[in-house]
Peer 1: 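My questions all concern the structure below.
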Amino acid sequence: MSQPAFEGMPQRLYPAAPSRLTTYLDCPRRYRLGYLERPAPSRGAPWAHHSVGAAVHTALARWWDLPRDRRTPAGGGDLLSACWLTAGFRDDAQQAAVRDRTRSQVERYLAGVDSDVRPVGIERTVGVTTRHAYLWGRVDRVDDRAGEGLVVVDYKTGRSVPTVEDARTSLALAVYAAGTARELRRPCTRVELHHLPTGRVVAWDHTDASLAAHLDRADRAAAALGELDERHAAGMSPAEADEAFPARVEPRCAWCEVRSACPPGRAVPQRAPWAGVVDPP
Ligand code: SF4
């Protein structure tokens, strides 16, 4: 049961990473199945593209801890090979070919990074409060650049090439920028997506107004989720739960990790665990 609110009593903030909010905004049913249902539904087989993403992120983060003489593109390639994950691939031949190609992508990317200029944040956790929420997230990298100030960098490893619109509309990037500014006590308005497979970098310069619009949207989602979480914890019949958390059946259901517990979503054919990686020629 929810606590009664008394005048002057501080309001409990809803703690959430942006992924929690965007999961709800994309599909309330996926949110319920992924975050609230206990026992949690089976999550299905691991995805190969998740293995690739995790290995790249780990290698790029650890690269900064290497001694200076090994902090080279080849050193980054060695890290990628050392932390490579094999789950989700079609077979050994595919995972080995993708590993070698990904190693080349990491080395090419690091050739353009100044190894003497250490970022001010590497996988740094930042947070910001709104009226109803404490929003937090882990930023891949925060640069402090001459002329640009603090810049949020987010690594992307998927098939789709990010666009400027992706950077502009990303709730996560906006939360990272606001959280970075709060933690480092300096303005942070520039956000960038760095796509390893193509080397493409897209950027967006937020204004105070555009950041506030993102945080306002996040705050409204958090307020709604606070109420829904409480109602779910208090007990809902299956019909009530389905009504409160409707299924949004779309092509992305093919990739949904909780589709085994979602009859409407299973109408969309499932993708193979390795479908998110492009086979090297
Ligand atoms: S399968 Fe589709 S409709 Fe069902 S929970 Fe997943 S995203 Fe939502």
Side-chain angles (χ1 to χ4, degrees), residues 14-54 57 85 87-90 132-133 135-138 154-163 165-176 193 195 214 217-278:
Y14 187 85
S19 56
R20 186 175 182 120
L21 303 181
T22 52
T23 297
Y24 170 71
L25 293 169
D26 287 345
C27 177
R29 180 72 51 85
R30 185 177 187 174
Y31 171 79
R32 186 188 102 212
L33 295 172
Y35 287 96
L36 304 183
E37 290 281 302
R38 295 295 177 267
S42 160
R43 293 201 157 238
W47 296 100
H49 59 282
H50 286 180
S51 295
V52 174
H57 281 74
L85 302 167
F89 290 95
R90 183 177 55 234
H132 299 100
L135 306 170
W136 61 273
R138 199 160 64 159
D154 195 46
Y155 302 129
K156 307 304 281 185
T157 60
R159 297 177 70 139
S160 65
V161 183
T163 64
E165 189 67 359
D166 293 329
R168 184 182 76 80
T169 59
S170 168
L171 178 66
L173 288 178
V175 167
Y176 296 161
L193 296 171
H195 188 237
H214 273 295
R217 179 166 174 253
D219 185 69
R220 280 183 277 119
L225 282 186
E227 288 185 23
L228 278 170
D229 286 8
E230 282 194 10
R231 282 178 53 204
H232 185 270
M236 286 179 169
S237 69
E240 289 170 335
D242 283 353
E243 187 183 343
F245 299 92
R248 295 216 180 108
V249 179
E250 294 188 15
R252 65 169 159 257
C253 296
W255 306 93
C256 178
E257 70 280 6
V258 291
R259 53 179 280 125
S260 66
C262 177
R266 289 205 299 273
V268 179
Q270 185 174 21
R271 302 300 298 265
W274 53 86
V277 294
V278 180

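These numbers were taken from a predicted model, which means no experiment stands behind them. Counting starts at 1 for both ligands and their atoms, following the listed order.
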Peer 1: If you have a sec, work out which protein heavy atom is nearest atom 6 (Fe) of ligand 1 and how many Å separate them, to one decimal?
Peer 2: C256 SG, 2.4 Å
Peer 1: Do the side chains of P18 and L135 get nearer than 4.5 Å, heavy atoms only?
Peer 2: no
Peer 1: Distance under 4.0 Å to a non-hydrogen atom of R30: what atoms of ligand 1 satisfy this?
Peer 2: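 By the 4.0 Å cutoff, the relevant atoms are 5 (S), 8 (Fe).
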Peer 1: Using a strict threshold of under 4.0 Å (side-chain N to carboxylate O), is an ion pair present between R20 and D229?
Peer 2: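 Looking at D229 and R20, the cut-off is met.
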Peer 1: Taking heavy atoms and a distance under 4.0 Å, where does C253 meet ligand 1: side chain, backbone, both or neither?
Peer 2: both
Peer 1: Examine H49 together with W255 and report whether their ring centres are nearer than 6.0 Å.
Peer 2: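 Here the rings of W255 and H49 have centres that are less than 6.0 Å from each other.
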Peer 1: State, to 0.1 Å, how close R29 and F245 come at their nearest heavy-atom pair, and which atoms those are.
Peer 2: NE-O, 2.8 Å
Peer 1: Is there a side-chain contact between L173 and L193, using heavy atoms and a 4.5 Å cut-off?
Peer 2: yes
Peer 1: Tell me the protein heavy atom at minimum distance from atom 8 (Fe) of ligand 1, and give that distance in Å.
Peer 2: C27 SG, 2.3 Å
Peer 1: Compute the minimum heavy-atom distance from R248 to ligand 1 and say whether it is under 4.0 Å.
Peer 2: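 Contact check R248 vs ligand 1: positive.
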Peer 1: Quick one: does ligand 1 sit under 4.0 Å from the side chain of E250, the backbone, both or neither, non-hydrogen atoms only?
Peer 2: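 Neither; nothing of E250 gets under 4.0 Å from ligand 1.
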Peer 1: Considering only heavy atoms, which of G265, A267, C262, A247 lies nearest to atom 4 (Fe) of ligand 1?
Peer 2: C262
Peer 1: If we only count heavy atoms from C-beta on, is the Y14 to D219 side-chain gap below 4.5 Å?
Peer 2: no
